[in-house]
Amino acid sequence: MASNSHFLVLCLFFISSVICQVTEFISIDCGGTGNYTDPRTGLAWISDNGTIMKYGKSSEVESPDENIQYRRRRDFPIDSRKYCYTLGTRERRRYLVRATFQYGSSGNEDAYPKFDLYLDATKWSTVVILDSSRVYVKEMIIRAPSSSIDVCICCATTGSPFISTLELRPLNLSMYATDFEDNFFLEVAARVNFGALSKDVIRYPDDPYDRIWDSDLEKRQNYLVGVAPGTVRINTSKYVDTRTREYPPVKVMQTAVVGTQGILSYRLNLDDFPANARAFAYFAEIEDLGANQTRKFKLQQPYFPDYSNAVVNIAENANGSHTLYEPSYMNVTLDFVLSFSFVKTRDSTQGTTLECD
Ligand SMILES: *[C@@H]1O[C@H](CO)[C@@H](O)[C@H](O)[C@H]1NC(C)=O
Ligand SMILES: *[C@@H]1O[C@H](CO)[C@@H](O)[C@H](O)[C@H]1NC(C)=O
Ligand SMILES: *[C@@H]1O[C@H](CO)[C@@H](O)[C@H](O)[C@H]1NC(C)=O
Ligand SMILES: *[C@@H]1O[C@H](CO)[C@@H](O)[C@H](O)[C@H]1NC(C)=O
Ligand SMILES: *[C@@H]1O[C@H](CO)[C@@H](O)[C@H](O)[C@H]1NC(C)=O
Ligand SMILES: *[C@@H]1O[C@H](CO)[C@@H](O)[C@H](O)[C@H]1NC(C)=O
Ligand SMILES: *[C@@H]1O[C@H](CO)[C@@H](O)[C@H](O)[C@H]1NC(C)=O
């Protein structure tokens, strides 16, 4: 694979109680001292000690994240070698690959680690630790080129390279299909749950594919800013049918934001922003509208000729309320900041919603 394309998931998501595929999840606690089941999620974690990774050493993390797998990390030697984890895959099946990094050592910030992450021979990302307490998450969506993939760490320019967790989650073949997936891996830039009820992320078991949905209430540098005035949060306890292609979790789709003054806008500033992105948006009408009420809007920014002239009537496009409508926007070329806004059309009686929860 020559290079990686990027992928921006505005709001990405299924249905509770599909527990069966857990046995196909691979969850590696790098630097961990033994195998265990995490009581919070019911997922089985294995330690990389010895059998999976012979190099490096396990280090204790100061004030780790509350999840058990962040108590220790694996530090690799500072040299020019690549240190690789080999994960078994089924050829041509699609997977989510996730690597996370919580450094958790205080001290001289200039010496915080900065190193490269590879997926097979493709450079995936440069991991730059700026905040030692933050968990940095890197995700890719791939179609497995063979019966295994290598995730490798190398080339530190400062500090020693390390890793906290490595996860492999099989996806359904309907999910995230692109025409160019045999030549590119898709890097996930952001996945936002709009109208979230708390700051907590939503993931497995609410999302049977274990994608991580960040809350829009999360406040951190380079995240969501520029929220339009009049934006309100709504939620429903009614079931939302999300069984289209990407299966966003129902819980994510049960909350939304509404632009009551006719505009909904956000800027998403990302650290490592894609040159060429694909955006997925997920909408559902979750308010009970009267017979003479409609909610229609247009995408104003970013401007794509194919999409920006189209009037979206969520309930009509989704074929009914409480049902998912998931337009995706191809080949979005963006500068560092993505701005997006949805504007209500003149014949719409309701505000604009972004249900990308
Ligand atoms: C942990 O699980 C892995 C994979 O099943 C196995 O290879 C390894 O021996 C186990 N380690 C311990 C300490 O039980
Ligand atoms: C595995 O764990 C043992 C005991 O905790 C430790 O001495 C050894 O260095 C570890 N090996 C690796 C490769 O981390
Ligand atoms: C893939 O989707 C089908 C329905 O479209 C479902 O029956 C099947 O369980 C799904 N497979 C996985 C691995 O989620
Ligand atoms: C959910 O919506 C109801 C009104 O439908 C509101 O009273 C409640 O405060 C909302 N809950 C949250 C956590 O926003
Ligand atoms: C919708 O219809 C109801 C009666 O059917 C009427 O009272 C109301 O004013 C109408 N609302 C709008 C926005 O036209
Ligand atoms: C929309 O819903 C109607 C009634 O439920 C159904 O007959 C029709 O096939 C649906 N159309 C699509 C495109 O799903
Ligand atoms: C999108 O980008 C891919 C890969 O660069 C290219 O093959 C494809 O033709 C582009 N599609 C559109 C609609 O521009």
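Both backbone and side-chain heavy atoms feed into the values below; hydrogens, waters and symmetry mates do not.
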**Q.** Trp45 to Gln69 - nearest heavy-atom pair and separation
**A.** CZ2-NE2, 3.4 Å
Q.
Working to the nearest 0.5 angstrom, can you tell me the gap between Glu187 CD and Thr122 OG1?
A. 11.5 Å
Q | same_hphob_cluster(Tyr112, Leu130) at 4.5 Å side-chain heavy-atom cutoff | A | yes
Q) Are Asp210 and Leu43 close enough that some pair of their side-chain heavy atoms sits under 4.5 Å apart? A) yes
(Q) According to a hydrophobic-cluster definition based on side-chain heavy atoms being under 4.5 Å apart (Ile, Leu, Val, Met, Phe, Trp, Tyr only), do Tyr85 and Tyr83 belong together? (A) yes
Q: Walk me through it: do Glu24 and Arg93 pass the test salt bridge (charged side-chain N to carboxylate O under 4.0 Å, His left out)?
A: CA-CA 12 Å; Glu24 298 182 82; Arg93 185 160 187 191; 2.7 Å; yes
Q. Does the side chain of Ile68 come within less than 4.5 Å of Pro39's, by heavy atoms?
A. yes
Q. Per the side chain to side chain contact (heavy atoms under 4.5 Å, CB included) rule, which among Lys57, Met53, Lys82 passes with Phe76?
A. Met53
Q) Ile129 and Ile78: same hydrophobic cluster, using ILVMFWY side-chain contacts below 4.5 Å? A) no
Q | Flag, side chain of Thr260 to backbone of Gly230, donor-acceptor distance under 3.5 Å | A | yes
Q | Distance-minimising heavy-atom pair for Tyr176 and Glu246 | A | N-OE2, 2.6 Å
**Q.** 4.5 Å side-chain heavy-atom contact, Tyr55 and Arg74
**A.** no
Q) Are the aromatic ring centres of Phe162 and Phe115 under 6.0 angstrom apart? A) yes
(Q) Donor-acceptor pair, distance only, cut-off 3.5 Å: does the side chain of Arg73 make one with the backbone of Gln102? (A) no
Q. Counting heavy atoms not belonging to Arg233, are there more than 12 under 6.0 Å from its CZ?
A. yes
Q: Supply the atom-to-atom distance Ile202 CD1 to Asp214 CG, rounded to the nearest 0.5 angstrom.
A: 10.5 Å
Q) If we only count heavy atoms from C-beta on, is the Val227 to Val257 side-chain gap below 4.5 Å? A) no
What donor-acceptor contacts under 3.5 angstrom involve side-chain atoms of residues 26-35, with partners at least two apart or in another chain?
residue : atom : partner : partner atom : Å
Ser27   : OG   : Arg169  : NH1          : 3.0
Ser27   : OG   : Arg169  : NH2          : 3.2
Asp29   : OD2  : Tyr36   : OH           : 2.8
Asn35   : OD1  : Ser47   : N            : 2.9

Q | Ionic contact status for Arg98 with Glu139, cut-off 4.0 Å | A | yes
Q: Using distance alone, with no hydrogens and no angle criterion, decide if Arg243 and Ser174 have a side-chain donor and acceptor under 3.5 Å apart.
A: no
Q. Minimum heavy-atom separation for Lys199 to Leu217, with atom names?
A. CE-O, 3.5 Å
Q: Using a strict cut-off of less than 4.0 Å between a Lys/Arg side-chain nitrogen and an Asp/Glu carboxylate oxygen, indicate whether Arg220 and Asp131 qualify as a salt bridge.
A: no
Q. Does any donor atom in the side chain of Ser105 or Ser132 lie under 3.5 Å from an acceptor atom in the other side chain?
A. no
Q.
For Arg72, give me all partners under side-chain hydrogen bond (donor to acceptor under 3.5 Å, both in side chains), at least two apart in sequence or on another chain.
A. Ser58
**Q.** Residue pair Thr89 / Ile149: nearest heavy atoms and the distance that separates them
**A.** CG2-CG1, 4.0 Å
Q. Nearest heavy-atom pair of Pro208 and Phe25: which atoms, and what distance?
A. O-CZ, 3.3 Å
Q | Flag side-chain contact, heavy atom, 4.5 Å: Asp110 against Thr158 | A | no
Q. For Glu60, does the CD atom sit with more than 12 other heavy atoms under 6.0 Å from it, leaving out its own atoms?
A. no
Q) Does Val192 share a hydrophobic cluster with Val201, counting links as ILVMFWY side-chain heavy atoms below 4.5 Å and allowing steps through other members? A) no
Q | Common cluster, Ile212/Tyr70, ILVMFWY with side-chain heavy-atom separation under 4.5 Å | A | no
Q | Spacing of CG belonging to Asn193 relative to NZ belonging to Lys251, to within rounding of 0.5 Å | A | 9.5 Å
Q.
For Ser148, is there any backbone N or O sitting under 3.5 Å from a side-chain donor or acceptor partner on Ser146?
A. yes
Q. Between the side chain of Ser215 and the main-chain N/O of Ser198, is any donor-acceptor distance below 3.5 Å?
A. yes
Q. Regarding Arg134 and the six-membered ring of Tyr136, is the cationic atom NZ or CZ under 6.0 Å from the ring centre and inside 45° of its axis?
A. yes
Q.
Salt bridge or not between Arg203 and Glu167? Use side-chain N to carboxylate O under 4.0 Å.
A. yes
Q: Of all the heavy-atom pairs spanning Leu224 and Asp216, show the shortest one and how long it is.
A: CD1-CB, 3.8 Å
Q: Could you tell me whether the side chain of Pro145 reaches within less than 4.5 Å of the side chain of Asp120, counting heavy atoms only?
A: yes
(Q) Just so I know, are the side chains of Thr231 and Val258 near enough to count as touching, which here means a heavy-atom distance under 4.5 Å? (A) no
Q: Take Leu173 and Arg94 through the test side chain to side chain contact (heavy atoms under 4.5 Å, CB included) and record every step on the way to the result.
A: CA-CA 6 Å; Leu173 261 193; Arg94 211 170 284 126; 4.0 Å; yes
Q: Check whether any side-chain heavy atom of Lys238 lies under 4.5 Å from a side-chain heavy atom of Gln254, and answer yes or no.
A: no
Q. Sub-3.5 Å donor-acceptor pair from the side chain of Asp65 to the main-chain atoms of Asn67, do we have one?
A. yes
